[in-house]
Amino acid sequence: NAGVTQTPKFQVLKTGQSMTLQCAQDMNHNSMYWYRQDPGMGLRLIYYSASEGTTDKGEVPNGYNVSRLNKREFSLRLESAAPSQTSVYFCASSEAPLGEQYFGPGTRLTVT
Amino acid sequence: RKEVEQDPGPFNVPEGATVAFNCTYSNSASQSFFWYRQDCRKEPKLLMSVYSSGNEDGRFTAQLNRASQYISLLIRDSKLSDSATYLCVNLATDSWGKLQFGAGTQVVVTP
């Protein structure tokens, strides 16, 4: 039972490079989320998708874009990476917006 | 001011002892509360939900005090495997599905 999977697990980018973080869930959940976690800050919501076909900004959306490709997949794109985007990125899903969220293993991103 | 505040710790606890810590929240529209557990360099996992006046799950007890806007987590008979960071999380009625996380409280259980 895979749950929520994320790729890649680790990534190093140079400033200005772009990349897409992939997330997939096999629990038939409707809602999906992208968070970043920085030391001393707690997890902060970047974007979320309440259901297939919808996306909305969270607390810290600047510098990111998302795509809800289908019910299973929700990707996060950094168009022009900056050192301030060095962080651990977690994808999560829930059956409904008010439900328990299940997290993927995270992507550790370093931007130099 | 952060929406959810926690004492970062660490709380160093002898095995078998009891430890308790609080989390304060500032949004009076907060409706649902959760405790998540996060092991080092791993993803957060739900430990307990706290919906009304609190609840108990085995050695873990969560309490909610709406008047003072805090929730607490108590761990009895601590095990070495309880060593982790505990994240306080709330969901406000005006934030539709968007959880607000505290930075976490680290607990270290020692032999």
Side-chain angles (χ1 to χ4, degrees), chain A residues 1-7 9-10 21 23 25 27 29-51 54-61 68 74 87-110, chain B residues 1-10 21-27 29-52 55 57 60 62 71 73 84-106:
Chain A
N1 189 359
V4 181
T5 57
Q6 292 182 236
T7 56
K9 285 188 168 51
F10 301 92
L21 282 63
C23 173
Q25 52 91 9
M27 297 175 281
H29 284 172
N30 291 303
S31 302
M32 297 186 74
Y33 311 80
W34 276 106
Y35 294 90
R36 60 178 289 173
Q37 186 174 35
D38 302 295
M41 297 289 292
L43 279 86
R44 291 182 292 169
L45 184 66
I46 304 171
Y47 271 93
Y48 68 97
S49 171
S51 60
T54 69
T55 61
D56 284 287
K57 295 178 181 179
E59 182 184 354
V60 288
R68 183 76 182 266
F74 189 37
S87 189
V88 181
Y89 291 85
F90 288 103
C91 177
S93 71
S94 63
E95 186 172 352
L98 301 181
E100 174 186 350
Q101 293 191 10
Y102 294 82
F103 286 81
T107 294
R108 284 159 180 77
L109 175 67
T110 301
Chain B
R1 182 186 173 188
K2 294 180 183 177
E3 296 278 353
V4 180
E5 301 219 37
Q6 296 184 250
D7 183 336
F21 41 90
N22 294 338
C23 157
T24 59
Y25 62 94
S26 60
N27 189 342
S30 294
Q31 183 178 39
S32 301
F33 304 87
F34 309 88
W35 283 105
Y36 277 71
R37 172 197 168 120
Q38 186 173 26
D39 294 297
C40 185
R41 301 179 71 79
K42 300 283 188 181
E43 71 272 24
K45 293 184 179 179
L46 181 68
L47 178 68
M48 301 179 70
S49 301
V50 186
Y51 288 116
S52 54
N55 56 316
D57 183 2
F60 297 85
I71 65 172
L73 182 66
T85 297
Y86 292 85
L87 308 177
C88 171
V89 185
N90 76 1
L91 175 66
T93 53
D94 58 358
S95 69
W96 193 86
K98 294 181 283 186
L99 300 179
Q100 294 172 320
F101 285 79
T105 295
Q106 185 183 9

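Letters A, B, ... are given to chains in the order of the sequence lines, protein chains preceding strands, and every chain is numbered from 1.
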Turns out that what part of Arg44(A) lies under 4.5 Å from chain B's heavy atoms comes down to neither
Output for pair (Tyr36(B) OH, Phe103(A) CZ), nearest 0.5 Å, gives 5.5 Å
dist Leu91(B):CG -> Gln101(A):CD (nearest 0.5 Å) comes out at 8.5 Å
Taking every heavy atom of Arg41(B) against every heavy atom of Phe10(A), the minimum-distance pair comes out as NH2-CE2, 4.2 Å
Okay, Gln6(B) and chain A: the region with an atom under 4.5 Å from a heavy atom over there is neither
Bottom line for Pro8(B): the part with an atom under 4.5 Å from chain A's heavy atoms is neither
*Got Glu59(A) and Gln100(B) here, is their nearest side-chain heavy-atom distance under 4.5 Å?*
no
Q. Just wondering, do Glu43(B) and Gln6(A) contact through their side chains at under 4.5 Å, heavy atoms?
A. no
